[in-house]
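If you're wondering where the values come from, they're calculated on a predicted model, not measured in any experiment. Values reported hereafter were calculated over all heavy atoms of this structure, with side chains retained and with hydrogens, waters and symmetry mates removed.
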Amino acid sequence: MTSAFGINGASVTQDLPFSQACENNKGPILDKLAAIFHAPGLVLEIGTGTGQHAVHFAGHLPHLTWQPSDHPQNYQLCLPRIRQARLANLNPPKPLDVCQSDWGLPGPVNGVFSANTAHIMSWPEVERMFASVATILAPGSAFCLYGPFSYGGQHTSASNLNFDRHLRSQNPSMGIRDMSDLIALADRCRLSLDEDLDMPANNRITVWRRQA
């Protein structure tokens, strides 16, 4: 099974795809990414969706080369916004199925970012994402995963509990991921949890570092 990893709730506004959630969280996320991705390099975004994050981050982090990507069925959704932005450090989007063994990247990347993807992937897809990210990341580099998470089987808010139930009613393979499962998975992939940062609207940014 594969999923389209774009941001939920996207619509088309004035010929550009638009997500209100993405518009709301792009500022707080940028504040964290600016400190994490402080050195020049290539950052891969998994699940670019509407492209609002890609344009915002690339525009404010000119020392980075931002590589958008999304599921092959969805990767062109962001293209109108990226073309409109005309940013020299923002690459055209790449089709990317996390279950493919070869992600078609030229070499090690200096960072990976993904927002609101782990809970709409199946667990085997999450496993493949972590394993492949560990393969392409340069040692010491960060994988930043944004979204809601549970801890010890407990949700951090009633809204997250209701969201999890909604996801699983749509597809039993989806659902908010528990941090203990992610830590165990990361350990198998030689990734270590470096930071777990509180974000608005009961979300988190988890920062996983590639071990040497």
Determine whether [X] and [Y] fall in the same hydrophobic cluster, where Ile, Leu, Val, Met, Phe, Trp and Tyr are linked whenever their side-chain heavy atoms lie under 4.5 Å apart.
X	Y	value
Ile36	Leu193	no
Trp123	Tyr151	yes
Leu191	Tyr146	no
Val133	Leu42	yes
Leu185	Ile183	yes

Check whether [X] reaches the backbone of [Y] with its side chain - one donor and one acceptor, N or O, closer than 3.5 Å.
X	Y	result
His60	His56	yes
Asp164	Gly175	no
Arg128	Cys99	yes
Gln170	Leu167	no
His63	Phe37	yes
Ser19	Cys22	yes
Asn202	Asn160	no
Arg204	Gly147	no
Arg168	Ser173	no
Thr48	Ser69	yes

### Message
Any salt bridge linking Asp181 with Arg177? Criterion: basic side-chain nitrogen under 4.0 Å from a carboxylate oxygen.
### Response
no
### Query
Between Lys32 and Glu195, is there a side-chain N and carboxylate O pair less than 4.0 Å apart?
no
Inter-residue atom distance [X].[atom1] - [Y].[atom2], 0.5 Å rounding:
X	Y	atom1	atom2	answer
Trp208	Phe130	CH2	CZ	5.0 Å
Met121	Asn171	CE	CG	13.5 Å
Ile46	Leu44	CD1	CG	5.0 Å
Leu79	Gln84	CG	CD	12.0 Å
Asn74	Asp97	CG	CG	12.0 Å
Ile176	Ser150	CD1	OG	7.0 Å

### Query
More than 12 heavy atoms of other residues, nucleotides or ligands under 6.0 Å from CZ of Arg83: is that the case?
no
Non-hydrogen atoms of [X] and [Y] that approach each other most closely:
X	Y	result
Ala142	Val207	CB-CG1, 3.8 Å
Pro72	Pro95	CA-CB, 4.0 Å
Cys189	Ala134	O-CB, 3.1 Å
Gly152	Asp178	N-OD1, 3.3 Å
Leu87	Ala58	CD1-CB, 4.0 Å

#### Entry: is_close_aromatic(Phe163, His119), centroid dist under 6.0 Å
yes
### Message
If the test is side-chain hydrogen bond (donor to acceptor under 3.5 Å, both in side chains), which one of Gln20, Lys26, Glu23 qualifies with Gln52?
### Response
Glu23
Considering only heavy atoms from C-beta outward, does the side chain of [X] approach that of [Y] to under 4.5 Å?
X	Y	answer
Phe143	Ile136	no
Asn162	Ser157	no
Val98	Ser132	no
Val126	Leu182	yes
Ile29	Phe57	yes
Pro93	Ile82	yes
Cys144	Leu33	yes
Thr65	Val43	no

#### Entry: Qualifying residue for side chain to side chain contact (heavy atoms under 4.5 Å, CB included) with Trp103, from Thr135, Leu96, Val109
Leu96
### Query
How far apart are the C-alpha atoms of Val112 and Leu145, what are their side-chain angles, what is the distance that settles it, and do they pass the side-chain contact (heavy atoms from CB on, under 4.5 Å) test?
CA-CA 8 Å; Val112 177; Leu145 183 63; over 6 Å; no
### Task
Start with the C-alpha gap between Gln67 and Glu45, add the side-chain angles, then the distance that decides, and say whether side-chain contact (heavy atoms from CB on, under 4.5 Å) holds.
CA-CA 6 Å; Gln67 178 59 66; Glu45 180 182 9; over 6 Å; no
#### Entry: Worked verdict on Gln76 versus Asp70 for side-chain contact (heavy atoms from CB on, under 4.5 Å)
CA-CA 8 Å; Gln76 291 185 319; Asp70 213 321; over 6 Å; no
### Message
Working note: Thr117 + Ser114, criterion side chain to side chain donor-acceptor pair (under 3.5 Å); need CA distance, chi angles, decisive distance, verdict.
### Response
CA-CA 7 Å; Thr117 54; Ser114 191; 2.7 Å; yes
### Task
I would like to know whether Val55 and Trp66 meet side-chain contact (heavy atoms from CB on, under 4.5 Å); could you show each step before the answer?
CA-CA 9 Å; Val55 169; Trp66 199 267; over 6 Å; no
